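Since the structure comes first, as structure tokens, the remarks are kept for the end.
Note that the coordinates shown come from a computational prediction; the quantities given were computed from them, not determined experimentally. Within every chain, numbering begins at 1; the chains are lettered A, B, ... in the order of the sequence lines, protein sequences first and strands thereafter.
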There are 2 protein chains.
Amino acid sequence: MRLTTKGRYAVTALLDLAIHADQGPVNLADISRRQGISLSYLEQLFAKLRRSELVCSIRGPGGGYRLGRKPQSIRIAQIIDAVNESVDATKCQGKGNCQQGETCLTHHLWQDLSEQIHDFLGSISLSDLIARSEIKRIAQQQDKRHEMLTPPELDGARIAATFLQ
Amino acid sequence: MRLTTKGRYAVTALLDLAIHADQGPVNLADISRRQGISLSYLEQLFAKLRRSELVCSIRGPGGGYRLGRKPQSIRIAQIIDAVNESVDATKCQGKGNCQQGETCLTHHLWQDLSEQIHDFLGSISLSDLIARSEIKRIAQQQDKRHEMLTPPELDGARIAATFLQ
DNA sequence: CAAAAGTTGACTGAAACAGTGGGGTATCAG
DNA sequence: CTGATACCCCACTGTTTCAGTCAACTTTTG
């Protein structure tokens with residue numbers, strides 16, 4: 001059983017994507033800035049998410065990623081599965097041949113735990129997360145901070161206008 | 001969050017210890033044989049279990065390990081903690097400073113999950129496991145197999161006796 | 001066409017796991 | 001006292017995975 005930064009990044013990125021879905025395709029550079037995840041690493045994760053059809057890509061300028069399904073039908077467990085992090089806690093992937101073909105002493109314990117975790121993460125969808133108030137608040141703060149970090153000074157016309165005042 | 005062979009080994013070994021507790025101190029060589037865990041690796045794990053006072057050791061011939069407390073009061077979560085495997089799923093160990101001092105988007109999700117897992121493993125004690133019928137059955141089989149694997153032929157007198165028949 | 005965006009693959013340093021090996025030290029039986 | 005038994009401790013190693021970097025693509029749109 002493994003649950004590390006990798007799976008957390010994947011869920012965070014997909015949640016960010018879902019929150020900003022109304023503004024058209026979301027590109028990875030924006031997610032990278034807002035969530036503080038390395039761009040190249042995001043690319044790797046989204047390659048896997050695309051293979052699992054959790055997202056679809058739009059290439060070219062103005063392109064980016066879009067959710068592959070409705071946020072109600074994307075479960076957290078599926079996201080974690082997609083980036084190759086198993087939610088299984090048994091040694092034998094549930095086969096029961098943990099100790100030289102026999103079932104090991106604690107097999108049933110880990111099996112029960114796996115079920116517990118899977119039920120929990122499988123019962124939560126992206127839209128459930130979006131609906132949570134704390135998440136709305138955090139996302140708004142991130143958007144604001146992001147606006148400040150992408151200053152309008154990059155817009156040539158604006159620089160000129162300020163300059164010519 | 002990490003739950004690997006290490007934590008599973010620790011729980012398995014301690015369960016084996018608890019099951020054979022009535023026959024006096026249990027030595028690691030026996031646990032190693034019964035559970036198929038490398039002896040040297042067991043020594044490392046038991047060093048940690050001893051530091052957490054989950055077991056106490058008796059040195060010298062006839063020595064071995066004994067449970068440090070009653071099996072009812074040893075929770076699975078404590079065993080996993082003792083071998084340094086965290087049951088915490090958040091990036092920030094629950095502190096909430098996951099993203100440059102701010103709470104990350106998915107912090108609450110991982111916090112809830114951690115709580116779920118911790119409640120589950122914290123609600124189960126060693127004595128709960130011993131009581132389970134499947135575990136009793138598996139332990140009996142392991143004992144039988146072990147008897148066959150440690151043949152009395154190693155006893156010099158017996159070899160001689162057989163030889164002289 | 002040129003720039004923006006996704007796509008792919010190779011590569012890397014660090015960490016952790018799982019395990020090995022070897023030298024101890026305490027304790028008890030004979 | 002001695003030797004066997006068992007714990008105790010430390011250094012080391014091979015493998016895997018994580019997290020991230022870099023570079024060279026291709027596709028698409030303005």
Mapping P61(A) and S57(A) to their closest nucleotides on DNA chain C, which lands nearer the 5' end?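 So the residue in question is P61(A).
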
Where do N or O atoms of nucleotides 20-24 of chain C meet protein N or O atoms at under 3.5 Å, pair by pair?
residue	atom	partner	partner atom	Å
dT20(C)	OP2	S38(B)	OG	3.4
dT20(C)	O4	Q44(B)	NE2	2.9

Using side chain to side chain donor-acceptor pair (under 3.5 Å) as the criterion, list what pairs up with [X], not counting sequence neighbours.
| X | result |
| --- | --- |
| Q78(B) | R69(B) |
| Y65(B) | none |
| E134(B) | R132(B) |
| S127(B) | S125(B) |

[X] has an atom [atom1]; how far is it from atom [atom2] of [N], in whole Å?
| X | N | atom1 | atom2 | value |
| --- | --- | --- | --- | --- |
| R66(A) | dT28(D) | CZ | C1' | 15 Å |
| L45(A) | dT21(D) | CG | P | 13 Å |
| K6(A) | dA15(C) | NZ | C1' | 15 Å |
| K48(B) | dA18(C) | NZ | P | 11 Å |
| R8(B) | dG19(C) | CZ | P | 11 Å |
| I58(A) | dT29(D) | CD1 | C1' | 13 Å |
| R50(B) | dA26(C) | CZ | C1' | 12 Å |
| L42(B) | dC9(D) | CG | C1' | 16 Å |

Would you kindly compare Y9(A) and G60(A) by the position of their nearest DNA chain D nucleotide and give the one closer to the 5′ end?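 Upstream on the strand: Y9(A).
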
Taking only residues two or more places apart in sequence, or in another chain, which ones meet [X] in a side-chain contact (heavy atoms from CB on, under 4.5 Å)?
| X | answer |
| --- | --- |
| Q141(A) | R137(A), R145(A), E102(B) |
| A131(A) | none |
| Q44(B) | Y41(B) |

Please answer whether the main-chain N or O of D16(B) pairs with a side-chain N or O of H20(B) as donor and acceptor at a distance below 3.5 Å. yes

Closer than 3.5 angstrom, by distance alone: can the side chain of Q99(A) be matched with the main-chain N or O of L105(A) as a donor-acceptor pair? no

For the helix from dC1(C)-dG30(D) to dG30(C)-dC1(D), how many degrees between its two end axes (five pairs per end), to the nearest 10°? 0°

Per the side chain to side chain donor-acceptor pair (under 3.5 Å) rule, what does the pair list look like for residues 46-58 of chain A, sequence neighbours excluded?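 Not a single pair qualifies under side chain to side chain donor-acceptor pair (under 3.5 Å).
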
Check each residue of residues 12-19 of chain A for a non-hydrogen atom within less than 4.0 Å of any atom in DNA chain D, then write out the ones that pass by number, or none. none

Determine the contact category for Y65(A): base if any of its heavy atoms lies under 4.0 Å from a base atom, sugar-phosphate if only primed atoms, P, OP1 or OP2 are that close, otherwise nothing. sugar-phosphate

Would you mind listing every ring pair (Phe, Tyr, Trp, His ring centres under 6.0 Å) that reaches into residues 120-142 of chain A, with sequence neighbours excluded? none

